[in-house]
Amino acid sequence: MTNPTKVVDAYFAGVKAGDASAVAALFAPDAQLINAKGTLRGADAIKTMYENGLAPGAMTPSPRTPVVNGDHVAVEIDLDANGVPLKLGDFFTIKDGKIQTLTIYSLTPTDASLFDKVGVDPA
């Protein structure tokens, strides 16, 4: 899967399904995930975050039409996180069919509380 939009579509499908393994498999071994709580480095740390934070039905993202510029994809998301509506912006860098970097921006100050549970420390 080398098309950046298809990688991003697969990411959101995995999140909707609560499938942490499928989501984690989309990340490069040396990937970074940056969110309101900090930065995760490496596919193993990212996988642990998703294992701790994803469950079927827990997060239902409704991504809007992505903006694509080569390997870069930006997506505004309406997210239902356990019944709490949030607005997020996800910015992906895709290389060789894998997510190299994912930066998740909260579009309102209170949205960052979503990351209180999953955080950045997978330990």
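As a basis for the values below, the full set of heavy atoms in this structure was taken, side chains included, without hydrogen atoms, waters or symmetry mates. Note that the structure is predicted; figures quoted are calculated from it, not measured. Just so you know, residue 1 is the first one in the sequence shown, and it goes up from there.
- Looking only at side-chain heavy atoms (C-beta outward), Tyr11 and Asp9 stay at 4.5 Å or farther from each other.
- The aromatic rings of Phe27 and Tyr50 sit tilted, their planes meeting at an angle between 30° and 60°.
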- Between Ile34 and Thr101, does a side-chain contact (heavy atoms from CB on, under 4.5 Å) hold up when you go through it step by step? CA-CA 8 Å; Ile34 302 143; Thr101 306; 4.1 Å; yes

- Item | Residues Gln32, Ile46; criterion side-chain contact (heavy atoms from CB on, under 4.5 Å); working and verdict | CA-CA 8 Å; Gln32 290 189 83; Ile46 293 167; 5.8 Å; no

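- Leu79 is not listed as a side-chain neighbour of Thr60, based on a closest heavy-atom distance of 4.5 Å or more.
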- Go through Asp30 and Arg41 one step at a time and tell me if the salt bridge (Lys or Arg N to Asp or Glu O under 4.0 Å) criterion holds. CA-CA 7 Å; Asp30 59 345; Arg41 290 180 174 80; over 6 Å; no

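- Counting only heavy atoms from C-beta outward, the side chains of Pro66 and Val73 approach each other to under 4.5 Å.
- Residues Asn3 and Thr5 come closest through the heavy atom pair OD1-N, 2.8 Å.
- Side-chain contact check for Gln100 versus Asp71: every heavy-atom pair is 4.5 Å or farther apart.
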- Query: Leu33 and Ile104: side-chain contact (heavy atoms from CB on, under 4.5 Å), yes or no, with the steps?
  - Reply: CA-CA 8 Å; Leu33 187 149; Ile104 303 170; 4.3 Å; yes

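- Between Gly70 and Pro4 the shortest heavy-atom distance is O-CG, 3.5 Å.
- Considering all non-hydrogen atoms of both residues, Ala28 and Ala43 come closest at O-CB, 3.6 Å.
- There is a path of hydrophobic side-chain contacts, each under 4.5 Å, that joins Leu88 to Val84.
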- Query: Does the side-chain contact (heavy atoms from CB on, under 4.5 Å) test come out yes or no for Asp78 and Lys87, once each step is laid out?
  - Reply: CA-CA 5 Å; Asp78 294 309; Lys87 283 207 175 281; 2.5 Å; yes

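- Residues Lys98 and Val7 have side chains not in contact (no heavy-atom distance under 4.5 Å, counting atoms from C-beta outward).
- Of the possible polar contacts, one joining the Asp80 side chain to the Gly83 backbone as a donor-acceptor pair under 3.5 Å is found.
- The side-chain heavy atoms of Val23 and Lys47, taken from C-beta on, include no pair separated by under 4.5 Å.
- We find the CZ-CD distance between Phe91 and Glu76 to be 9.0 Å, quoted to the nearest 0.5 Å.
- Val75 has its side chain within reach of Phe12: a pair of non-hydrogen atoms, C-beta onward, lies under 4.5 Å apart.
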